[in-house]
S.K.: 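To start, I am sharing the structure in question, which I have written as structure tokens.
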Amino acid sequence: MNFVVVGAQWGDEGKGKLIDILAENVDIAVRYQGGNNAGHTVIVGKKEYVFHLIPSAILRPSKTCVIGNGVVIDPKALLEEMNGLKNRGLLMINRQLKISCHAHVVMPYHRIMDQLRETKRNQKIGTTGRGIGPCYSDKIGRMGIRIIDLLNPQVFKAKLQDNLNEKNDIFKKVYGHQRYDFRKIYEEYLNYGHRLKPYICDTALFLNEAIDRNKKVLFEGAQGTFLDVDFGTYPFVTSSNATIGGVCAGSGVPPIKIGKVIAAVKAYTTRVGEGPFPTEFDQKMNNLIQCRGQEFGATTGRPRRCGWFDSVLVRYAAIINGVCELAMMKLDVLDGLKTLKIAVGYQYKGKIYRNFPHDLEVLSKTGVIYETMPGWQESTRQVRQYSQLPLNARRYIKRVEKLVGVRVKYISVGSKRNEIIVR
Ligand code: GDP
Ligand code: IMO
Ligand code: MG
């Protein structure tokens, strides 16, 4: 069965580790949205890998990895990531990696625009500065340059000229920034196109034909539901659909060919960048969990903000993604806490919210209704069977299941491949 892995919170739920495990039983893994704003860490043996654009399944040599049309690709970053893998002995041939000809290219002016826009805003988003928002803006605004355009010098020339005509004016007049030189970008990006050519194809056709031949596909989400441009905590979101709807538009695979949705959730909550976070810890608790969970961004190195598990949030994610199974990641980080809290509702100006509210004022200022549960003192790191988990850990998981309305099938108790419980 073909299935999707989505993040049910604000990203960094541990999707990379989960995908690495689940990829064993598929033939193909596809990224369908986002770009190198993503950072997916996978630990195999003593080696740590961080993926930004390449699907995490690349660590399994017999699998094919696809970067779908919904992804925005910074070709320089992609080539660096490919080289990094080659240098670590991972074969990278065009049978193993396929890049959509339709994917849009992150250009140097997108990266700079991302950073300049942030400096001008009063309400900063705290983007990764990778040019993701401006690249998607150009895609929707029909100014974008696609991967296939890099393979045709005439097409690329005309598009780049149009873009620089507009962008150079904006850069100069709005931001007082220097102009871009056409020739330099033109030659640099044609060269990237040349180097990526062996991997470029119509990945929508490739995927559908493979599915028709009974190949199994895993769709690898980046970011998380509350960073989704439609359903997240707008405007403190990323610029793509990280939720299930992004899968079809971002891969060219129709919904009837997708069988199942698995959501990764942390046993608590984290968020990188700005924006509302109702269950955020106080400073002391934040420092404790940040340190235990090694909560530092895999892309920018920024410390992640930490908080209690929020069932209001995750239930909403379960509804809009049609989640069939939950994977609760990083349960071990909660080992040794005396008590645990789970958010079950919000309260603001006398009104109680059981469903996720979307008014930014409510979200930013709301009080939280918590349930308190006893913690467990034992380490869960060595546990491989659900029945061997401490009783209070099982109670915690059961309560989450009940509140979210979805069964927890996978429980992760460490960053290594084997530190997983399958129920
Ligand atoms: P992603 O963006 O959803 O793929 O998540 P990240 O890779 O950015 O962040 C998750 C981090 O937690 C990574 O450093 C993983 O190695 C680590 N991790 C994943 N699962 C577990 C777990 O069960 N326990 C612990 N302690 N760490 C984990
Ligand atoms: P993975 O795939 C966590 C956040 C940024 C910022 C907002 C917008 O590792 O879960 P952007 O650069 O996308 O315009 O930034 O989104 N963000 C992430 N936070 N994990 C991610 O990816 C993220 N990708 C973007 O911190 O708040
Ligand atoms: Mg991450």
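As the structure is a computational prediction, the values presented were derived from the model and not from experiment. For ligands, and for the atoms within them, numbers begin at 1 and follow the listed sequence.
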S.K.: Under a 3.5 Å cutoff, is there a donor and acceptor pairing between the side chains of N25 and K216?
M.R.: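 There is no such pair (donor and acceptor under 3.5 Å, judged by atom type) between the side chains of N25 and K216.
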
S.K.: Identify whether the distance between the nearest side-chain nitrogen and carboxylate oxygen of R304 and D12 falls below 4.0 Å.
M.R.: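 Salt bridge between R304 and D12, a charged N being under 4.0 Å from a carboxylate O: yes.
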
S.K.: To which of H52, K416, K330 does the heavy atom nearest atom 11 (C) of ligand 1 belong?
M.R.: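 Going through H52, K416, K330 one by one, K330 has the nearest heavy atom to atom 11 (C) of ligand 1.
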
S.K.: Nearest protein heavy-atom contact for atom 7 (C) of ligand 2: which residue, which atom, what distance?
M.R.: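 Answer, as residue, atom name and distance: V237 O, 3.9 Å.
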
S.K.: Which residues satisfy the side-chain contact (heavy atoms from CB on, under 4.5 Å) test with D359, sequence neighbours excluded?
M.R.: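 D359 satisfies side-chain contact (heavy atoms from CB on, under 4.5 Å) with E361, V362 only.
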
S.K.: Is it the side chain, the backbone, both or neither of V413 that has a heavy atom closer than 4.0 Å to ligand 1?
M.R.: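 Within the 4.0 Å criterion, V413 contacts ligand 1 through backbone atoms alone.
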
S.K.: Going by the closest heavy atom to atom 6 (P) of ligand 1, which one wins out of G39, A267, A298?
M.R.: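 Among G39, A267, A298, the closest heavy atom to atom 6 (P) of ligand 1 belongs to G39.
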
S.K.: Check the pair E280 / R305 against salt bridge (charged side-chain N to carboxylate O under 4.0 Å, His left out), numbers first and verdict last.
M.R.: CA-CA 7 Å; E280 189 165 11; R305 300 153 64 192; 3.0 Å; yes

S.K.: State if K15 counts as touching ligand 2 under the rule of any non-hydrogen atom under 4.0 Å.
M.R.: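 Judged by the 4.0 Å heavy-atom criterion, K15 does count as contacting ligand 2.
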
S.K.: Check for me whether H40 has a heavy atom closer than 4.0 Å to any atom of ligand 2.
M.R.: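 For ligand 2, residue contact (heavy atoms, under 4.0 Å) with H40 is present.
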
S.K.: Quick test: of every protein heavy atom, which one is nearest to atom 12 (O) of ligand 2, and how far off is it to 0.1 Å?
M.R.: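 Scanning the protein heavy atoms, the shortest distance from atom 12 (O) of ligand 2 goes to T128 OG1, 2.6 Å.
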
S.K.: Hey, which protein N/O/S atoms does the Mg ion (ligand 3) have under 2.8 Å?
M.R.: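 Within the sphere that stays under 2.8 Å of the Mg ion (ligand 3), the protein atoms of type N, O or S are D12 OD1, G39 O.
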
S.K.: Enumerate the salt bridge (charged side-chain N to carboxylate O under 4.0 Å, His left out) contacts for residues 372-392, please, sequence neighbours excluded, ordered by first and then second residue.
M.R.: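 Qualifying pairs, neighbours excluded: D332-R381, R381-E419.
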
S.K.: If you measure from atom 17 (N) of ligand 2 to every heavy atom of L227, D114, V50, which option wins on shortest distance?
M.R.: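 Closest candidate by heavy-atom distance is L227.
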
S.K.: Can you list the ligand 2 atoms lying under 4.0 Å from a non-hydrogen atom of G11?
M.R.: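 In order of number, 10 (O), 20 (N).
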
S.K.: Is there a salt bridge (charged side-chain N to carboxylate O under 4.0 Å, His left out) between D335 and R292? Walk through the geometry before answering.
M.R.: CA-CA 10 Å; D335 292 352; R292 281 217 204 152; over 6 Å; no

S.K.: Which part of R304 is near ligand 1, with near meaning a heavy atom under 4.0 Å away: side chain, backbone, both or neither?
M.R.: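 Only the side chain of R304 comes within reach of ligand 1.
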
S.K.: Below 4.0 Å, non-hydrogen atoms only: which portion of D332 touches ligand 1? Side chain, backbone, both or neither.
M.R.: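 The part of D332 near ligand 1 is the side chain, not the backbone.
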
S.K.: Taking the six-membered ring for Trp, are F231 and F226 closer than 6.0 Å centroid to centroid?
M.R.: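 No, too far apart.
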
S.K.: Whether R146 and D149 form a salt bridge (side-chain N of Lys/Arg under 4.0 Å from carboxylate O of Asp/Glu) is what I want to check.
M.R.: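 Counted as a salt bridge, because a side-chain N and a carboxylate O are separated by less than 4.0 Å.
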
S.K.: Tell me the nearest of G126, G35, G34 to atom 5 (C) of ligand 2, using heavy-atom distances.
M.R.: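 Of the listed residues, G126 has the closest heavy atom.
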
S.K.: According to ring-ring contact (aromatic ring centres under 6.0 Å, His included), does anything in residues 280-299 pair up with another residue at least two apart or in another chain? List the pairs.
M.R.: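 Listed once each, the pairs are F281-W308.
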
S.K.: Is R417 reaching over with its side chain to a backbone N or O of D20, donor-acceptor style, under 3.5 angstrom?
M.R.: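 Pair absent, no side-chain N/O of R417 close to backbone of D20.
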
S.K.: Determine whether the side chain, the backbone, both or neither of K17 has a heavy atom under 4.0 Å from any heavy atom of ligand 1.
M.R.: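 Side chain only; the backbone of K17 stays clear of ligand 1.
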
S.K.: Within the supplied structure, the quantity of interest is the number of heavy atoms (other residues, nucleotides, ligands) at a distance under 6.0 Å from I148 CD1; does it exceed 12?
M.R.: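 No, because the 6.0 Å sphere around CD1 of I148 holds 12 heavy atoms or fewer from other groups.
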
S.K.: Between Y316 and H358, is the ring centre distance below 6.0 Å?
M.R.: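 They qualify: ring centres under 6.0 Å apart.
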
S.K.: Give the atom numbers and elements of ligand 2 that come within less than 4.0 Å of a heavy atom of G273.
M.R.: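 Those of ligand 2 that fall under 4.0 Å from G273 are 27 (O).
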
S.K.: Side chain or backbone, does K15 bring an N or O within less than 3.5 Å of an N or O on ligand 1?
M.R.: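 N/O-N/O distance below 3.5 Å exists for this pair.
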
